[in-house]
Amino acid sequence: MTSPTAQESPRLIPVARGNLPALGHAYHLWRHTLEFLDSLRAYGGVVRINIGTLPIYVVTDPELTRRVLTSESRYFETGGRMGDNLALIFGSGVGTINGEGHRRQRRILQPLFNRSYIAAHTDVMRDAVRGRVSGWREGVPFEAAAEMDRVMVAAFLTTLFGPTLPAPREEEFYRLLRTLMKGVMRKTVAPSWANRVMVTANREFDRALARLRQIIGSLIREGRENPGAAGGVFRAMLAARDPDTGEGMTDAQIADEAVTMLGTTGEAPGTALAWALHEISRNPDIQRRVRSEVDTVCGGRPASSVELASLEYTRCVLTEVMRHHGPGYLFTRWTTAPVGLGGYLIPAHANVAYSQYIVHHDPAVFPDPQRFDPDRWLPDAPAVPRSSYLPFGLGSRQCLGENFSWTAMLLTVAEITARWDLHPHRSRPVKPVASTTVRPHHLTITPRARTTGPGAA
Ligand code: HEM
C-alpha cells in the first residue's frame with residue numbers, strides 16, 4: 001500500500017544542522033529543546049534529525065501535521081523504536097496498539113472519559129484538589145511542578161478509583177509514577193548504548209513498574225470479587241463492554257489501560273498547571289482578572305461543573321498555557337508505506353515526529369508566538385484554525401484524558417485563586433527543561449492567604 005501522493009516527484013528531505021557523531025541531534029534536542037525545535041521550521045515542512053543513528057522525519061508545517069494525524073493517519077501508525085519501547089512499558093494499552101484493536105479499545109474507553117462522565121466526577125476531584133491546596137502554609141514557598149504533580153495525581157486517582165483510596169496508597173502511587181516519569185523518555189528515545197550504562201536507574205524503573213502492576217492487579221482482583229468495592233472510572237472499566245460486540249476487557253487489558261493512564265497522568269497535567277501558576281504569579285493583571293472572575297462566578301462556594309463552564313477568562317489563560325507551555329513537545333509515528341507529504345517522500349518503516357511546540361509557535365498562525373497572551377483566545381479574537389491548536393493531539397489518537405485535564409486544571413486554578421495570592425519566589429530564573437514533558441525548572445511560588453474576597457480565610 002503506497003499513499004496516492006507518494007507518486008509525486010519528491011523534494012530532497014533536508015537534514016538539520018548540528019548532526020554529531022554517535023549522538024546525532026540528541027544533544028541539541030535535550031539541552032536546547034525549545035530553541036532546537038523552533039529552528040527546525042526554517043528547513044521547510046519536513047526535516048530529518050537523528051537520535052544517535054536513528055533517523056526521524058519531523059513534520060513542522062501545521063497543515064502537514066494535520067494530515068499525518070487525521071486524513072492520512074492510516075500511513076502513520078504508532079510503532080517504530082519509540083512506539084515499541086513504549087509498548088514494553090505500557091503493554092497493549094490504547095496508546096501503543098494499532099488497527100482494529102485500537103478502535104475497539106477507544107470504543108470501550110472513550111465513553112468513560114467523555115464530558116458528562118467526567119463532569120459527574122467534578123465534586124470528588126475538587127475535594128481531592130482542596131485537600132492539598134488547603135494544606136499550604138502562609139508564606140511557605142513550594143516547588144510548583146512537584147506540588148502540581150501531586151495535586152493532579154490525587155485528582156486523577158480519585159476519578160479513577162473513587163474517593164476512598166487510603167492515603168499511604170496514594171503516596172505510593174505518586175512515588176512510583178515519579179520514578180517512571182523520570183525514566184520513560186530515556187527508555188523510549190535515548191540511543192540504546194546510553195540506556196545500557198544507566199544500570200541503577202533502569203533497576204529502579206523496572207522495580208517501580210513491577211510494583212505498579214502488582215497494585216493494579218490486586219485492585220482488579222478485589223474489584224472482580226466485590227464489584228461494589230471498586231469506585232470511579234475503574235468500576236466502569238471492569239464492567240465496560242464494546243458497544244459493537246458486547247465483549248468486555250480481560251484483566252490483562254484493564255491492567256495495561258490503567259498503567260497507560262496513570263503513566264500519562266504522572267507528569268503532563270501537573271506540568272501544565274505549574275506553568276499556569278508561573279504565568280499567573282508573575283503577571284499581576286492576569287492574576288487579578290482570574291481572581292475577579294472566580295470570585296464572581298463561584299462566590300466562595302465550591303466550584304461545580306456548572307461554575308467551571310462559566311470561567312471564560314480562566315479558560316483563556318489555560319488555553320494559552322497549553323499553547324505556549326504545552327507539556328507535550330514531540331510524538332512519533334511509524335510509516336506503514338512510502339508516503340508523499342508536502343512534496344517530500346517519506347520512506348516506509350520510518351520514524352516520523354510531530355511537535356506541538358513547533359505548531360504552537362508558528363508566527364504565521366500565532367503572531368508574536370513567544371508572548372504569553374490569554375487574550376488571543378477571547379471570543380472576539382481572530383479564530384485559530386482547528387488543526388493549529390493541538391495540545392491533546394488530533395484525530396483517532398487524540399488524548400483520552402482531555403476532558404479530565406481541562407476540568408481538573410480549571411478546578412485547581414479556581415480553588416487556588418479563591419484562597420491564595422501567588423507570588424513568584426525569584427531565587428533563580430525559571431528554565432524550561434525537557435524530559436517526558438517540558439517542565440519548569442526552579443519554579444518556586446509563595447502563597448499568601450487572601451484577606452479579601454468571598455473565599456478569603
Ligand atoms: C495536560 C495533560 C495532558 C496532555 C497535554 C496530554 C497530551 C496527549 C497527546 C498530545 C496525546 C496524543 C499523542 C499522539 O498523538 O501520539 C495523548 C494521548 C493519550 N492520552 Fe493524554 N495528555 C494529557 C493528560 C492525559 C490524562 C490525564 C490521561 C488519562 C486518562 C491521558 C491519556 C491518554 C491516552 C490513553 C492517550 C492515547 C490515546 C490513543 O492513542 O488512542 N492523557 N495525550
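Ligands are counted one by one from 1 in listed order, and the atoms in each one are counted from 1 as well. Computation of the quantities below employed the complete heavy-atom set of this structure, encompassing side-chain atoms and omitting hydrogens, waters and symmetry-equivalent molecules.
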Under 3.5 Å: donor-acceptor pair, side chain of Tyr329, backbone of Ser435: yes
Atom 13 (C) of ligand 1 [closest protein heavy-atom partner, distance rounded to 0.1 Å]: Phe331 CD2, 3.5 Å
Starting from atom 4 (C) of ligand 1, locate the nearest protein heavy atom and write down its residue, its atom name and how far away it is, to 0.1 Å. Phe392 CE2, 3.5 Å
Shortest non-hydrogen contact between Thr271 and Pro440, atoms and distance: CG2-CD, 4.2 Å
Over 60° means perpendicular and under 30° means parallel, so classify the ring planes of Trp275 and His278, tilted if in between. perpendicular
When the ring planes of His360 and Tyr389 are compared, do they come out parallel, tilted or perpendicular, using 30° and 60° as the limits? parallel
Less than 4.0 Å is my threshold; does some heavy atom of [X] fall inside it relative to ligand 1?
X: Glu402; value: no
X: Met322; value: yes
X: Gln105; value: no
X: Pro269; value: yes

Which bit of Cys399 is near ligand 1, meaning a heavy atom under 4.0 Å away: side chain, backbone, both or neither? both
Just let me know how Arg333 lines up against ligand 1, side chain, backbone, both or neither, with a heavy-atom cut-off below 4.0 Å. side chain
[X] N/O under 3.5 Å from ligand 1 N/O:
X: Thr332; value: no
X: His102; value: yes
X: Thr265; value: no

Does Arg289 pair with Glu293 as a salt bridge, N-O distance under 4.0 Å? no
Do Glu204 and Arg207 meet the salt-bridge criterion of a basic N to acidic O distance under 4.0 Å? no
Could you tell me if the side chain of Asp38 sits less than 4.5 Å from the side chain of Tyr357, heavy atoms only? yes
Nearest heavy atom to [atom] wins, so pick from [options].
atom: atom 12 (C) of ligand 1; options: Met261, Arg397, Glu257; value: Arg397
atom: atom 33 (C) of ligand 1; options: Thr437, Thr159, Leu400; value: Leu400
atom: atom 38 (C) of ligand 1; options: Arg106, Met409, Gln110, Met152; value: Arg106

Within a distance under 4.0 Å of any heavy atom of [X], pick out the atoms of ligand 1 and give their elements.
X: Pro391; result: 5 (C), 7 (C), 10 (C)
X: Ala268; result: 1 (C), 2 (C), 3 (C), 4 (C)
X: Gly95; result: 37 (C), 40 (O)
X: Phe404; result: 27 (C)
X: Gln356; result: 10 (C)

Side chains of Thr336 and Glu77 only: does a donor on one sit below 3.5 Å from an acceptor on the other? no
Result for salt bridge (charged side-chain N to carboxylate O under 4.0 Å, His left out) between Asp244 and one of Arg107, Arg103, Arg106 points to Arg107
